[in-house]
Enquirer: 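First, the structure itself, so that you have it in front of you.
Bear in mind that the values here come from a model prediction, so they are computed numbers and not experimental data. Letters go in sequence order (proteins before strands), and every chain restarts at 1. Both backbone and side-chain heavy atoms feed into the values below; hydrogens, waters and symmetry mates do not.
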Amino acid sequence: MKIVVVGGGAAGLGAAGAALGVDPSAEMVVYTQFEDVAYSPCGIPFVHGKEIESFDRLFLATKEQYQKQGIDVHYTTTVESIDVKRHVIKVAGEGEVRYDKLVLATGWNYRDPNLPGGDLKGIYRVKNIQRAREWDSFLDTVKSAVVVECGLIAVEMVTALVHRGIKVTVVDPGPWPMAEVVDPDIVDPVRAGWAEAGVTTLWGEQVTAFGGDGTLSYVETTAGRVEAQLAIIGTRKVPNSDLARAAGIALGGTGGIVVDARMQTSASDVFAAGDCTEIPHGVSGVPLQGLSGSHAYAQGKTAGINAAGGVREYDPVYVPWAMLAGEWMIGGVSFGETTASAVGMNYVSGVAKGITRARYYPGVKPITVKLLADPGTRCLIGAQIVGGEGVKERADFLAVAVRAGITIDDLATMENVYSPAIGALNEPIQMAALAVQQNMRR
Amino acid sequence: MSFSQWLRTNSQQYLLADAQQRIGRKNGVTVYGKPRSLKDRFWRYIFVPTYKILPDGLRRSLIHAMPGSHRQAWPKQSARPRPPHPFVRSNGQDRSPKK
Ligand SMILES: Cc1cc2nc3c(=O)[nH]c(=O)nc-3n(C[C@H](O)[C@H](O)[C@H](O)COP(=O)(O)OP(=O)(O)OC[C@H]3O[C@@H](n4cnc5c(N)ncnc54)[C@H](O)[C@@H]3O)c2cc1C
């Protein structure tokens, strides 16, 4: 059996590895437009910020290791079209290539802001590691930068640029950073940290043009001109699903490829995984697109196993997320107040401010937990967290709680670890659950 | 762009902007954003208020009717709320729930 994977990111390589696990005799070919596979793009902002000394550290495996594993990766090679009826793809420089099973893992792009001057030098979309190496030396020459819209990756880049001593101006039509996923009270410490670090923020404003003579030297915004040698595009992720669309494969309202729990698309023998797809949300059922690398990897494995003749189902998602934003860790699960209000979902929330270790233990940090529950069933439907540490673990735990239908009463009576160096006597999740219970009685 | 993509993109943008305004105000955050175009006015002053007054059930059916992955086969969500605990706590004591 010949399995062809289009995409060498988390989803594509997850699919290739898992498929060979099921059928080691399968002929496995992976196509990628990039020069490399198997690196962590997630680490790029931290190399730019000099927390990690080299891009080499971001590679997870060598090209030879993939070859040995039986994965034939075709680098810098574009798949131009798919003929789903004939089970054939057209590959630039190779011509027609037959497949028995095809996995689409073509990923995402930043939404194109489509602005005048968009082809000037100095406009950076952080993604490919080879381009990142080139940009990294350019950063040494930059005095001031504009961040065009402030999604999650852009927030990490703000921190990186500040660490490099670059003056940063954030321009975003939204009212606060990452306003599509996070509530204003939760992101407030991050905003305060940025103000302290000298970051200028223009909320409710838009970039209207890039200007300069071949190379960027200023950015026009609705609030006036900002001098800048660098613009970071931080717009939302959009699915790279053009190849699927052209092949007549069904797309959903998000523009992502429609899949079922086996990651099967509308075309027979064609699977899809990662950020080019859309996956239903576990609580609302609304399809979501542009999740994370960990989602892409797990979906890729599901697609690969099914493509190779195995059986695996992927579940609707509850989307735990967490990240470093300046000096703070910030994260959440499923709904926050803003997103719940946007879809018109009934909720009662409760907030607790706590600490991450015993109050006397060195390195103790503040942490705020907000929980949202459905007043009808009393089930947890979402959470948001900001703190000095311990955010990721709580987000992961709360995602399982939402998925399992855990109620706010379960959380209000939860057991917790108390150990001075790693946890306080009062667990902030439990305290937030008590606050929700209290607000429900009102 | 298909109709469902056009609808999703715009409804998501404007419902979020409306929610940001409400939640922002509650938290003392000034939310700017005067309407910039006719399109802006339509989505803000006609679509968003209409969506908000629709009954929950109708909203869900409309969302479900849109093409997308949510209409494919997926594992069922766990029961909500979970089956009750075998005992209920009242006046500081755990008792079996009354039959
Ligand atoms: C700077 C940065 C920071 C990130 N931080 C995090 C993080 O902290 N946590 C996290 O979980 N995730 C993170 N991510 C991951 C990211 O947000 C995505 O979720 C993830 O990259 C999705 O993986 P994917 O395999 O679906 O797609 P992609 O990574 O976009 O890979 C797509 C692949 O498809 C190939 N391709 C596309 N079209 C064609 C074609 N026609 N022919 C051949 N090949 C093609 C591309 O060359 C590429 O190899 C980060 C990403 C970046 C860039």
Enquirer: Side chain, backbone, both or neither: which part of B:Tyr51 has a heavy atom under 4.5 Å from chain A?
Expert: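 Contact with chain A: side chain only.
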
Enquirer: I need the B:His70 NE2 to A:Leu288 CG distance, nearest 0.5 Å.
Expert: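 Rounded to the nearest 0.5 Å, the NE2-CG separation comes out at 11.0 Å.
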
Enquirer: Please assess B:Trp74 against A:Asp315 for the test side-chain contact (heavy atoms from CB on, under 4.5 Å), listing each intermediate value before the final yes or no.
Expert: CA-CA 7 Å; B:Trp74 289 91; A:Asp315 276 299; over 6 Å; no

Enquirer: Could you state the interatomic distance from OG (A:Ser266) to CD (B:Gln72), rounded to the nearest 0.5 Å?
Expert: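 Nearest 0.5 Å value for the OG-CD distance: 8.0 Å.
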
Enquirer: Where does A:Ile406 contact chain B at under 4.5 Å (heavy atoms): side chain, backbone, both or neither?
Expert: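 Both parts, backbone and side chain.
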
Enquirer: Given the options B:Ala19, B:Gly28, B:Ala17, B:Pro67, which has more heavy-atom pairs under 4.5 Å with chain A than any of the others?
Expert: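 The option with the most such pairs is B:Ala19.
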
Enquirer: So, for A:Pro175 and B:Val29, which heavy atoms are closest and what is the spacing to 0.1 Å?
Expert: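 Taking A:Pro175 first and B:Val29 second, the nearest heavy atoms are O-CG1, 4.2 Å.
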
Enquirer: Scan for salt bridge (Lys or Arg N to Asp or Glu O under 4.0 Å) pairs involving residues 334-347 of chain A, sequence neighbours excluded, and state none if there are none.
Expert: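 Checked against salt bridge (Lys or Arg N to Asp or Glu O under 4.0 Å) - neighbours excluded - the pairs reaching residues 334-347 of chain A are A:Glu337-A:Lys370, A:Glu337-B:Lys26.
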
Enquirer: In terms of heavy-atom pairs under 4.5 Å, which option from A:Asn346, A:Val343, A:Ile257 contacts chain B the most?
Expert: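 Answer, by heavy-atom pair count under 4.5 Å with chain B: A:Val343.
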
Enquirer: With a 4.5 angstrom heavy-atom cut-off, is it the side chain or the backbone of A:Gln264 that approaches chain B, or both, or neither?
Expert: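 Nothing of A:Gln264, per the 4.5 Å heavy-atom cut-off to chain B.
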
Enquirer: Counting heavy-atom pairs under 4.5 Å to chain B, which of A:Ala250, A:Gly285, A:Ala261 comes out on top?
Expert: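 Option with the top pair count is A:Ala261.
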
Enquirer: With chain A as the partner, which of B:Val48, B:Asp56, B:Thr9, B:Asn27 has the greatest number of non-hydrogen pairs under 4.5 Å?
Expert: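 Answer, by heavy-atom pair count under 4.5 Å with chain A: B:Asn27.
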
Enquirer: Check this for me: B:Ile46, atom CD1, are more than 12 non-hydrogen atoms of other residues, nucleotides or ligands nearer than 6.0 Å?
Expert: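 Enclosed.
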
Enquirer: Please determine, among B:Gln20, B:Arg71, B:Arg22, B:Arg60, the option with the most heavy-atom pairs under 4.5 Å with chain A.
Expert: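 Top count of heavy-atom pairs under 4.5 Å with chain A: B:Gln20.
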
Enquirer: Considering only heavy atoms, which portion of A:Glu278 lies under 4.5 Å from any heavy atom of chain B: side chain, backbone, both, or neither?
Expert: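 For A:Glu278, heavy atoms of backbone and side chain both lie under 4.5 Å from chain B.
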
Enquirer: Where along residues 184-194 of chain A does a heavy atom come under 4.5 Å of chain B, listed by residue number?
Expert: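 Checking residues 184-194 of chain A against chain B gives A:Pro184, A:Asp185, A:Arg191.
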
Enquirer: Give the intermediate values and the outcome of side-chain contact (heavy atoms from CB on, under 4.5 Å) for residues A:Val258 and B:Ser69.
Expert: CA-CA 5 Å; A:Val258 170; B:Ser69 295; 4.1 Å; yes

Enquirer: Does a sphere of radius 6.0 Å around NZ in B:Lys52 hold more than 12 heavy atoms from other residues, nucleotides or ligands, not counting ones at 6.0 Å or beyond?
Expert: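 Buried by this count: over 12 neighbours within 6.0 Å.
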
Enquirer: What closest approach, in Å, do B:Leu16 and A:Glu180 show between heavy atoms, and which atom pair accounts for it?
Expert: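 Closest approach of B:Leu16 to A:Glu180: CD1-CG, 3.9 Å.
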
Enquirer: Check each atom of A:Arg111 against the heavy atoms of chain B and say whether the ones under 4.5 Å are side chain, backbone, both or neither.
Expert: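 When you check distances to chain B, no heavy atom of A:Arg111 falls under 4.5 Å.
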
Enquirer: Which one of A:Pro287, A:Ser341, A:Gly252 has the most heavy-atom pairs closer than 4.5 Å to chain B?
Expert: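 The candidate making the most pairs under 4.5 Å is A:Pro287.
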
Enquirer: Hey, could you give me the CG/OG1 distance between B:Asp18 and A:Thr338, rounded to the nearest 0.5 Å?
Expert: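 The distance works out to 11.0 Å.
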
Enquirer: Would you sort out whether A:Arg236 and B:Gln12 count as a side-chain contact (heavy atoms from CB on, under 4.5 Å), showing the intermediate values?
Expert: CA-CA 13 Å; A:Arg236 70 194 310 266; B:Gln12 181 171 318; 2.9 Å; yes

Enquirer: For chain A, which candidate among B:Arg8, B:Met66, B:Met1 shows the most heavy-atom pairs at distances under 4.5 Å?
Expert: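 Top option by heavy-atom pairs under 4.5 Å: B:Arg8.
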
Enquirer: For A:Thr222, is it the side chain, the backbone, both or neither that has a heavy atom under 4.5 Å from a heavy atom of chain B?
Expert: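 The answer is the side chain of A:Thr222.
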
